[in-house]
Amino acid sequence: MQTIKASLYFPIDMTDKPFITDLVRDYGLTVNVLQAEILPGRPGKSVIDLTGSEEDLEKGLIYLSEHGISVHMFTTSIIHNADNCVDCGACVAVCTSGALQIKAPDWKLSFDPKECVRCKQCVKACPTRAINVNVFQ
Ligand code: SF4
Ligand code: SF4
């Protein structure tokens, strides 16, 4: 089993189709929707994690492609270097997924890679360059 993270871009006529149900039922994939922008009469976009066997993932991606859904695979990951971090919160302010948080009682930055949609907004926001992109994952 493996998990891939991807952005999906839907044409207008696919935004109301049950493609997630199809991926689960017909290809045995687990789908975790991390972000979605679906509005009536407009093209849609979502970020998802897909988990399954390599063969099932490949079939699921072919299914999406055959239905006009563009898939952009994320091939990078985000690394937080705590040694350079001053817990200023600038990255938290731009992180819409909730992957970066500062909470009581210690008010230290925490990073949850499972929630990260790899938008890289935090990389630009960090004044100390404590967040980097790992291009090898
Ligand atoms: S890349 Fe940074 S800002 Fe974007 S979701 Fe991941 S942690 Fe949050
Ligand atoms: S912006 Fe940089 S220094 Fe500030 S909390 Fe985030 S990682 Fe740490």
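Indexing begins at 1, ligand by ligand and atom by atom, following the structure's order. Note that these values count all heavy atoms, side chains included, but never hydrogens, waters or copies made by symmetry.
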Cluster check [X], [Y]: I/L/V/M/F/W/Y, side chain < 4.5 angstrom:
| X | Y | answer |
| --- | --- | --- |
| L64 | Y9 | no |
| I48 | I38 | yes |
| L23 | I62 | no |

What protein heavy atom sits nearest [atom], and how far off is it?
| atom | value |
| --- | --- |
| atom 5 (S) of ligand 1 | S97 OG, 3.3 Å |
| atom 6 (Fe) of ligand 2 | C91 SG, 2.3 Å |
| atom 2 (Fe) of ligand 1 | C122 SG, 2.2 Å |
| atom 4 (Fe) of ligand 2 | C88 SG, 2.3 Å |

message: I want to confirm something. Looking only at heavy atoms, which of V92, V123, N84, I131 is nearest to atom 7 (S) of ligand 2?
response: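 Considering heavy atoms of V92, V123, N84, I131, the nearest to atom 7 (S) of ligand 2 sits in I131.
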Would you mind running through ligand 1 and noting each atom that sits below 4.0 Å from a heavy atom of [X]?
| X | result |
| --- | --- |
| F111 | 7 (S) |
| K120 | 1 (S), 4 (Fe) |
| C95 | 3 (S), 5 (S), 7 (S), 8 (Fe) |
| R118 | 1 (S), 6 (Fe) |
| L100 | 7 (S) |
| I78 | 1 (S) |

- prompt: Quick check: are there more than 12 heavy atoms from other residues, nucleotides or ligands sitting under 6.0 Å from CD of E58?
  reply: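 Atom CD in E58 is not packed in, count stays at 12 or less.
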- prompt: Is it true that some N/O/S atom of C116, main chain or side chain, lies under 2.8 Å from atom 6 (Fe) of ligand 1?
  reply: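 An N, O or S atom of C116 is closer than 2.8 Å to atom 6 (Fe) of ligand 1, so yes.
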Result of checking I4, L61, L50 against V71 for side chain to side chain contact (heavy atoms under 4.5 Å, CB included):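 The option that passes is L61.
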- prompt: How does L109 reach ligand 2, if at all, at less than 4.0 Å between non-hydrogen atoms: by side chain, backbone, both, or neither?
  reply: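 Within the 4.0 Å criterion, L109 contacts ligand 2 through side-chain atoms alone.
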